[in-house]
Amino acid sequence: MAKRIDVSDLDIFYGSFKAVESVNMSIEPQSVTALIGPSGCGKSTFLRSLNRMHEVIPGASVAGKVVMDGQDLYGSDVDPVAVRRHVGMVFQRPNPFPTMSIYDNVAAGVRLNSGRMRKATLDELVESSLRGANLWEEVKDRLGRPGSSLSGGQQQRLCIARAIAIKPEVLLMDEPCSALDPISTLAIEDLIYQLKSDFTIVIVTHNMQQAARVSDRTGFFNIEGTGKPGRLIEMDATQRIFSNPSVKATEDYITGRFG
Amino acid sequence: MTSTTVTPPDRKRVQNSLTSGMLPRWVPPAIVAGILAVGLAAGLLFDVNLMLAAAFAVVGVGLVLTVVSRQVEGARRAKDRLVTVVVTSAFVLALLPLVSLLITVVQNGIERFDGEFLTQTMRGVLGEGGGAYHAIVGTLLITAAAAVISVPIGIMCAVYLVEYGRGRLARAVTLLVDVMTGIPSIVAGLFAFAMFAIFFGPSVRFGIGGAVALSVLMVPVVVRSSEEMLKLVPNELREASYALGVSKSRTVVKVVLRTAAAGIATGVTLAVARVIGETAPLLIIAGSTTRLNADLFEGRMSSLPIFTYYSYTIPGVPPEFGVDRAWAAALTLFVIVMLLNLVARAISRYFSLNSR
C-alpha cells in the first residue's frame with residue numbers, strides 16, 4: 001500500500017530561523033527517493049517534516065503543503081500521531097528500546113498503540129516483520145534477548161523491522177547506514193531494494209554511491225551560506241542526476257568539486 | 001628496622017629500563033608499617049592521645065613517602081603519592097563516624113534486640129521487658145502512607161518538569177521544589193499539625209498526620225531524583241516511539257518511565273529511608289503511645305524514632321531497661337533502613353534485567 005507524496009511550497013522553521021525554503025517535490029510510490037547534499041542543508045529537517053516529527057522539537061514549525069494521496073498532512077484537523085502511523089521512520093543511529101526484548105521491540109508499535117492482538121497474530125507479525133528486515137534467521141532463536149545485545153547492523157535492521165511492523169505506507173530513512181560498517185550497509189541496501197515493492201521509501205544519505213545504488217530518483221539540496229535557508233536545487237531520475245545534471249552546483253557536488 | 005626500610009634502592013642495580021626510576025612495590029607499605037611501628041613504640045613508652053598519634057602518623061607517612069619518592073621517582077610521581085595519601089586519609093576520615101556509629105548501635109542494641117522486643121508492646125510495662133512492636137508497626141504504617149502520598153505526586157511532578165513543563169511555570173515549580181528540599185522537618189510537622197488542627201481541633205493526634213508531614217519532606221526528594229533519572233533517558237527513544245505513531249502520553253508511560261524505572265525505584269527507596277528516621281514532625285502530630293494502634297486515622301501512634309526518644313529521655317526507674325530499649329529500637333530502625341537499601345538494589349536489578 002505505498003503512497004505518493006506531493007510537497008508544495010514547503011518552508012520549515014526552527015523558531016524564527018528558516019531552515020528550508022520553498023521545496024516542491026513529488027515522491028513516487030513504490031520507489032526509492034534519495035536526498036543528498038552537504039551537511040546542514042536541511043535534508044534531514046525536510047525528511048522529518050514528512051511525518052511531522054519536525055514539530056517534536058520545541059519552537060519548530062512548518063508552512064506549506066505535504067499531500068499524501070490527496071490528504072494534506074498539515075491540515076488543521078490532522079493528528080500528527082496518526083500521520084506517523086502511516087509514515088514510518090528509521091533514524092541515523094539504531095535506537096532499539098533498551099528495556100525490551102527483540103520480540104517486544106518489533107511488537108512495540110502495535111503494543112504501545114494499545115492495539116490488543118492475539119498472541120498467535122502478534123507472533124506472525126513479528127516473524128513477518130523480522131523476515132521483511134532480513135533479520136529473522138539471525139535472531140529467531142533468541143527473540144527473548146534484549147535488543148541491545150545485537151550488533152549495530154542488526155540493531156538497525158531491528159529498527160527497520162520495528163518500523164515496518166506497524167505497516168506504514170511510506171518509510172523515511174535518515175542516514176540509516178552512517179553508523180554501520182560496509183557489510184551491514186550492504187545488508188541494509190539490499191533490504192531497501194526489497195522493501196520498495198511494498199513501500200514508498202525516502203532516504204537521506206551522505207554517501208553518493210549509496211544514493212546511486214539504491215535510489216530511483218534523487219533530490220539535491222544545497223545551502224548558499226550559513227544562516228541562509230536550504231533549498232531543493234534539482235530533482236530528477238537518479239541516473240540523470242549522476243550522469244548529466246542540469247544544474248552546475250549538482251555536478252560540482254557529485255564530482256566532489258564542491259566548495 | 002624503620003629507618004633501613006626507607007632507604008632508596010640503588011638505581012644502578014635496576015635492570016629493566018621500564019621499571020627504572022620507580023620505587024619497588026614493597027616500599028610504600030614498608031613506610032606505612034615503619035611509621036606505625038614507631039608510633040606504637042612511642043605509644044607504649046609514653047602515654048599519647050590516640051587521635052593525635054593517628055594524625056601524626058598520617059602526616060608522617062605523607063611526608064616520608066613524598067620525600068623518598070621525590071628522590072627516586074621525581075616531582076611528578078611524588079605529587080601523585082602525596083595526593084594518594086591525602087585522598088586515602090580523607091576517605092578513612094569520612095568512613096570512621098559511620099563505622100563507629102554502626103558498631104555502637106549494634107553493641108548497645110543487640111542485648112534487647114530479641115523476640116520479645118520485636119513482638120511485644122509497652123502496654124503496662126514498667127521496668128524490665130516490653131518491646132517496640134507498636135512502634136515498628138507505627139513506623140511502617142506511617143512511612144508507607146507517606147510513600148503512597150508522595151511517590152505519585154513526586155513522579156508526576158518530575159514527569160511534568162521533564163516532559164511537559166516549559167517557561168515560567170516549570171521554573172517556578174523547580175524553584176519551589178528546591179526550597180522544599182531545605183524545609184526543616186519540624187516545620188513540616190507544624191504544618192501538618194496546623195492543617196489538621198483546623199479540622200479536628202488542637203488536640204489532634206493521628207498517624208496520617210505524621211504521614212502528611214513526612215510526605216512534605218519526601219516529595220521534593222522524589223521529584224529531584226526522578227527528574228534526574230528522566231533526564232537520563234535518551235531523546236532518541238522518545239523519537240523512536242513518536243515515529244511509531246505513539247502518542248506523547250503513552251510514550252511517557254510506556255517508554256520513558258519504563259526506561260527510567262530502575263533509577264526512580266532506587267530514588268524512591270532512598271527517599272523512604274531518608275524520612276523513616278524523622279522524629280520531630282511525628283512528635284508533634286503522631287504523638288506517642290504504649291499500646292498497639294494500627295489505625296492511621298484514629299488516635300496517637302507510636303513510631304521507632306519517638307519510641308527511642310522517650311525510652312532514652314524518660315527511661316523509668318531503674319533507668320537501664322529504658323535505655324536498653326532505646327538502643328534496641330535504634331538498631332531496629334537501622335536494620336529496617338538497611339533492608340530498604342537492599343530492596344532498592346533488588347528492584348533496580350529487576351527493572352534493569354533486560355537492559356544488558
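Keep in mind it's a predicted model, so treat the numbers as computed, not measured. Order of the sequence lines fixes the chain letters, A, B, ..., with proteins taken first and strands second; residue numbering starts at 1 for each chain.
Heavy atoms closer than 4.5 Å to chain B are found nowhere in A:R52, neither backbone nor side chain. Interface residue A:V87: only backbone heavy atoms are found under 4.5 Å from chain B. When heavy atoms are compared at a cutoff of 4.5 Å, A:P96 approaches chain B solely by way of its backbone atoms N, CA, C and O. For B:S241, the parts sitting under 4.5 Å from any heavy atom of chain A are the backbone and the side chain alike. Using a 4.5 Å cut-off between heavy atoms, A:F91 touches chain B through its side chain atoms alone. For chain A, no part of B:R238 is nearby; none of its heavy atoms comes within less than 4.5 Å.
No more than 12 heavy atoms of other residues, nucleotides or ligands lie within 6.0 Å of CZ in B:R345, so this atom counts as exposed by the packing criterion. Surrounding NZ of A:K65 are at most 12 heavy atoms belonging to other residues, nucleotides or ligands under 6.0 Å away. Other residues, nucleotides and ligands contribute over 12 non-hydrogen atoms within 6.0 Å of the OH atom of A:Y14. Counting non-hydrogen atoms of other residues, nucleotides and ligands closer than 6.0 Å to CD of A:Q71 gives a total of 12 or fewer. Heavy atoms from other residues, nucleotides or ligands lying under 6.0 Å from CZ of A:R4 number more than 12. Around the CZ atom of A:F13, the shell of radius 6.0 Å holds more than 12 heavy atoms that belong to other residues, nucleotides or ligands. The local environment of OH in A:Y193 is sparse, with at most 12 non-hydrogen atoms from other residues, nucleotides or ligands closer than 6.0 Å.
Contact detail for B:E239 and A:M53: the closest heavy-atom pair is O-CE, 3.4 Å. A:R162 and B:L244 make their closest contact through O-CD2, 3.5 Å (heavy atoms, listed as atom of the first residue, atom of the second, distance). Contact record, A:N95 with B:A240: ND2-CB, 3.3 Å, taken as the closest heavy-atom pair. Contact record, A:F97 with B:L237: CE2-O, 3.5 Å, taken as the closest heavy-atom pair. Residue A:R85 comes nearest to B:G245 through the heavy atom pair NE-O, 2.9 Å, listed as atom of the first residue, atom of the second, then distance.
Using a 4.5 Å heavy-atom cutoff, the side chains of A:N113 and B:V246 are in contact.
Note that OG of B:S247 and CG of A:L112 are 9.0 Å apart. Values are rounded to the nearest 0.5 Å. For the atom pair A:R111 CZ and B:R250 CZ, the distance stands at 12.5 Å (nearest 0.5 Å). Rounded to the nearest 0.5 angstrom, B:Y242 OH and A:R84 CZ are separated by 8.0 Å.
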Side chains of residues 259-269 of chain B: which donor-acceptor partners sit under 3.5 Å, not counting sequence neighbours?
residue, atom, partner, partner atom, Å
B:T259, OG1, B:V255, O, 2.5
B:T266, OG1, B:A262, O, 2.8
B:T269, OG1, B:A265, O, 2.5

